[in-house]
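See structure below.
Proteins get letters first, then strands, A, B, ... in listed order; numbering begins at 1 in each.
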Number of protein chains: 2
Amino acid sequence: MTGQRRIIAQVLETAKGHPDAEEIYTEATAIDSAISLATVYRTVKLFFELGILERLEFGDGRARYEDAERDHHDHLFDIETGAVIEFVDPELEVLQEKIAHRLGYRLMAHKMELFGVKLDKED
Amino acid sequence: MTGQRRIIAQVLETAKGHPDAEEIYTEATAIDSAISLATVYRTVKLFFELGILERLEFGDGRARYEDAERDHHDHLFDIETGAVIEFVDPELEVLQEKIAHRLGYRLMAHKMELFGVKLDKED
DNA sequence: TTATATGCAAAGTCTTTGCTCCACG
DNA sequence: CGTGGAGCAAAGACTTTGCATATAA
């Protein structure tokens with residue numbers, strides 16, 4: 001456990017959103033300027049493989065990360081604003097297990113992203 | 001509608017799996033060698049924006065495509081073999097609508113991917 | 001014709017890696 | 001002290017783009 005990794009872990013723990021590598025890099029260098037982007041990528045990859053981190057992809061080419069220690073949740077992506085809303089639905093979790101099982105699989109992970117627009121006056 | 005686009009569309013219609021750009025390019029040039037990879041990318045992007053195509057990302061860096069005209073379904077990704085299994089679950093579809101609505105959103109699209117390993121003797 | 005699409009190659013993004021040096025244990 | 005990590009810069013993988021040419025309508 002090196003200083004750099006500690007800092008990157010800290011950045012991810014305290015991050016409110018879902019930062020990408022560049023953002024992690026920016027925040028990390030604010031704490032200790034002796035961190036390179038390469039190290040961010042290496043650390044993020046390592047943490048991901050260790051299950052410490054989750055990798056999110058919303059289809060815009062870059063990966064975003066979040067602390068996996070936090071309670072599990074899925075994401076709703078606001079198409080208009082780009083906002084990411086987190087949610088949990090126990091019913092959904094159960095249903096996914098059921099579906100996987102029905103297909104002859106043991107569920108190891110899942111990714112579920114809803115894409116929507118805000119309801120205003122309508123409905 | 002140019003010849004190239006027609007061929008790319010044809011390749012996607014007849015494709016059994018979920019080809020990436022390179023694979024589309026290979027199949028397309030087999031039909032007519034006068035198609036460039038750039039055209040594949042441009043066409044695929046165009047079709048995606050027109051809603052003719054769906055773009056899938058399984059987190060391995062490249063996008064894969066499938067004909068959107070086909071019946072909607074979700075995917076289960078076999079972690080060990082890389083196989084992609086398609087499935088539909090009406091209950092899941094309804095549940096997603098419900099969740100989005102509860103969060104104050106109108107569901108426009110969703111992406112749901114299960115990642116699992118085959119059940120053998122276990123269970 | 002006349003706007004639009006294609007090819008080619010160069011450029012862009014995001015991410016990974018080789019190599020040397022430094023640091024943790 | 002030695003093994004593994006960090007920095008830097010170069011390389012990679014995938015995708016996009018500028019420009020001149022070709023083509024559909």
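- Using modelled atom types and a 3.5 Å distance limit, the side chains of A:E54 and A:H72 yield no donor-acceptor pair.
- Among the nucleotides D:dA6, C:dA5, C:dC8, the one closest to any side-chain atom of B:S36 is C:dC8.
- Atom P of nucleotide D:dT16 and atom CZ of B:F48 are separated by 11 Å, given to the nearest angstrom.
- In this structure, of C:dT6, C:dT15, D:dA6, it is C:dT15 that holds the atom nearest to the side chain of A:A63.
- Here the P atom of nucleotide D:dC14 and the CG atom of B:L56 are 16 Å apart, to the nearest Å.
- An OP1 or OP2 oxygen of C:dT15 is reached within less than 4.0 angstrom by a side-chain nitrogen or oxygen of A:Y41.
- The aromatic rings of B:F77 and B:F58 sit parallel, their planes meeting at an angle under 30°, below the 60° perpendicular limit.
- If you find the closest nucleotide of DNA chain D to A:I35 and to B:D20, the one lying nearer the 5' end belongs to A:I35.
- Separating the NZ atom of A:K45 from the P atom of C:dC14 is a distance of 18 Å, rounded to the nearest angstrom.
- Distance, B:R64 CZ to D:dA13 P: 18 Å, rounded to whole Å.
- Distance B:L37 CG to C:dA11 P: 18 Å, rounded to the nearest Å.
- Mapping A:T2 and A:R62 onto DNA chain C via the closest heavy atom, the residue that lands nearer the 5' end is A:R62.
- In this structure, A:D60 atom CG and C:dT15 atom C1' are separated by 15 Å, rounded to whole Å.
- With hydrogens and angles left out, the side-chain atoms of B:H75 and B:E113 include no donor and acceptor closer than 3.5 Å.
- Remark: C1' of C:dT6 and CG of B:L46 are 13 Å apart, rounded to the nearest angstrom.
- As judged by a 4.0 angstrom heavy-atom cut-off over every strand, B:R42 is placed among the base-contacting residues.
- At least one donor-acceptor pair under 3.5 Å links the side chain of A:E23 to the backbone N or O of A:D20.
- Which of D:dA9, D:dT16, D:dT15 sits closest to the side chain of B:A21 comes down to D:dT15.
- Nearest-nucleotide assignment on DNA chain D puts the 5′-proximal partner with B:R55, out of B:R55 and B:G3.
- Taking CD from A:E66 and CD from A:E86, the interatomic distance works out to 5.5 Å, rounded to the nearest 0.5 Å.
- When the P atom of C:dC22 is taken as reference, atom CG of A:D32 falls 17 Å away, rounded to whole Å.
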